[in-house]
Protein chains: 2
Amino acid sequence: MAAKQTGFVRKTKQREVILEVLRSTKSHPTADWVYQEVRKKMPNVSLGTIYRNLKTLTEMGEALELSYGSTYSRFDGNPENHYHFVCENCGSVIDLDIPVTDALEREVAEKTGHKAASHRLEFYGLCRDCQTNDSTNGSLH
Amino acid sequence: MAAKQTGFVRKTKQREVILEVLRSTKSHPTADWVYQEVRKKMPNVSLGTIYRNLKTLTEMGEALELSYGSTYSRFDGNPENHYHFVCENCGSVIDLDIPVTDALEREVAEKTGHKAASHRLEFYGLCRDCQTNDSTNGSLH
DNA sequence: TTTAAGAATGATAGCATTTATCATCAAAGG
DNA sequence: CCTTTGATGATAAATGCTATCATTCTTAAA
Ligand SMILES: [Zn+2]
Ligand SMILES: [Zn+2]
Ligand SMILES: [Zn+2]
Ligand SMILES: [Zn+2]
């Protein structure tokens, strides 16, 4: 579950491009979206390589894996902890510029005895765009 | 995606037992765990019926669907919003008795313009039990 | 620069969870 | 009792991801 047992991590062109693609967007893309983008630069890349490297990058602390809903993961090229807003109309996942409060973790430790090392906070509702456009149901991409 | 188009929801023995089982535990079980439990009372119940009704119950506001990680969903028989602690050692999901702060949603609306209708907060770390037992890796159930 | 070790890749098969299908059953209302 | 139609059980299928493996490529030592 941690890094490989005896091996080390080699630098590959594939992982480089994958990280490049991941950092080029704020859309918190799925593995398949990354796959399609990477294929534009490396037509022969394998989907398995995408999954493999997204996992490796996450373990290396270069990316975050998000999972809203149970069907698929999204990935985040910004590895620093931050909060997200998930629009229930258009499906977009938006970074929030509000401070990460470690005070919450202390509160949990004090009140419950469970020692939190991290926390995750997400908001669900209507994003700014979907409030003005009164479409009943957005595109969801 | 919402309730069925023209129909209505009938009362069935299956859904009754499923909700009963879901309310009988605080372990935030998976669909398969619910399935095994319901089978003890209704040996011929179908797994499809479990999934179908867990979805229906969630839509009815009688349960919550949680998704930590991307492999499977957990369900919560307590439909009121509350926060969870996920132990990274033993895998258990624990209800937290700390107040739900709607102030966070107001802060998001003020600072970002995105109108949050709900939010979700999870903590990750070592639960109380796993701190005292210095096992390197718990049972994960 | 060559060489050897083994990590990473591409291709593909496999797996686990969830959803769709459909004939049959049964809840609700008259 | 009878009709309507939502719900069920059994099963197939879809989805998202992981495992496998022969081959390729990275790395560091010779
Ligand atoms: Zn939106
Ligand atoms: Zn983000
Ligand atoms: Zn624990
Ligand atoms: Zn709970």
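From a predicted model like this one, the values you see are computed outputs, not experimental measurements. Chain letters run A, B, ... following the sequence lines, proteins first and then strands; every chain starts at 1.
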In this structure, how many angstroms lie between the [atom2] atom of [N] and the [atom1] atom of [X], rounded?
{"X": "B:Lys55", "N": "D:dG6", "atom1": "NZ", "atom2": "C1'", "value": "16 Å"}
{"X": "A:Gln36", "N": "D:dG16", "atom1": "CD", "atom2": "P", "value": "12 Å"}
{"X": "B:Glu65", "N": "C:dT17", "atom1": "CD", "atom2": "P", "value": "14 Å"}
{"X": "A:Leu66", "N": "D:dG16", "atom1": "CG", "atom2": "C1'", "value": "16 Å"}
{"X": "A:Leu47", "N": "D:dA19", "atom1": "CG", "atom2": "C1'", "value": "14 Å"}
{"X": "A:Arg74", "N": "D:dC17", "atom1": "CZ", "atom2": "C1'", "value": "17 Å"}
{"X": "B:Arg39", "N": "D:dG9", "atom1": "CZ", "atom2": "P", "value": "11 Å"}
{"X": "A:Arg15", "N": "D:dC25", "atom1": "CZ", "atom2": "P", "value": "16 Å"}

Taking the side chain of B:Val45 as heavy atoms from C-beta outward, which of D:dG9, C:dT18, D:dA7 is closest to it?
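For B:Val45, the side-chain atoms sit closest to D:dG9.
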Could you tell me whether B:Asp32 contacts a base, only the sugar-phosphate backbone, or nothing, with contacts defined as non-hydrogen atoms closer than 4.0 Å?
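It contacts nothing in the nucleic acid.
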Taking only N and O in the side chain of [X], is any of them less than 4.0 Å away from OP1 or OP2 of [N]?
{"X": "A:Gln14", "N": "D:dC25", "result": "no"}
{"X": "A:Tyr51", "N": "D:dC17", "result": "yes"}
{"X": "A:Thr71", "N": "C:dT17", "result": "no"}

How close do A:Glu65 and A:Ser73 get, counting heavy atoms only, and between which atoms?
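Heavy-atom minimum between the residues: OE2-OG, 2.7 Å.
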If you compare all heavy atoms of A:Ala63 against all heavy atoms of A:Leu22, which two are closest, and at what distance to 0.1 Å?
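Result for this residue pair: CB-CD2, 3.6 Å.
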Just by distance, with hydrogens left out, do A:Asp95 and A:His28 show a side-chain donor and acceptor under 3.5 Å apart?
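Judged by distance alone, the side chains do pair up.
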Can a donor-acceptor pair under 3.5 Å be found between the side-chain atoms of B:Ser46 and the base atoms of D:dA10?
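Check passes, donor-acceptor contact within cut-off.
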Please confirm whether any donor atom in the side chain of B:Arg52 sits under 3.5 Å from an acceptor in the base of D:dG6, or the reverse.
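Per atom types, no contact qualifies.
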Who passes salt bridge (charged side-chain N to carboxylate O under 4.0 Å, His left out) against A:Arg23, sequence neighbours left out?
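With sequence neighbours excluded, A:Arg23 shows a salt bridge (charged side-chain N to carboxylate O under 4.0 Å, His left out) to A:Glu62, given in chain and number order.
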Return the 5'-most residue of the pair B:Phe75, A:Asn44 with respect to DNA chain C, ranking by each residue's nearest nucleotide.
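Per heavy-atom nearest nucleotide, the more 5' residue is A:Asn44.
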For the pair A:Arg106 and A:Glu110, find out whether any cationic side-chain nitrogen is under 4.0 Å from an anionic carboxylate oxygen.
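No salt bridge links A:Arg106 with A:Glu110.
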Short side-chain to backbone donor-acceptor contact, A:Thr132 and A:Asp129, under 3.5 Å
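Side chain of A:Thr132 to backbone of A:Asp129: a pair is present.
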Please tabulate, one pair per line, each protein N/O and nucleotide N/O from nucleotides 26-28 of chain D that are separated by under 3.5 Å, including the distance.
unit_1: D:dT26; atom_1: O3'; unit_2: A:Lys11; atom_2: O; d: 3.3
unit_1: D:dT26; atom_1: O2; unit_2: A:Arg10; atom_2: NE; d: 3.3
unit_1: D:dT26; atom_1: O2; unit_2: A:Arg10; atom_2: NH1; d: 3.0
unit_1: D:dT26; atom_1: O2; unit_2: A:Arg10; atom_2: NH2; d: 3.1
unit_1: D:dT27; atom_1: OP1; unit_2: A:Lys11; atom_2: N; d: 3.0

A cation-pi test, strictly: NZ or CZ of B:Arg39 under 6.0 Å from the centre of the six-membered ring of B:Tyr35 and no more than 45 degrees from its axis. Yes or no?
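Yes.
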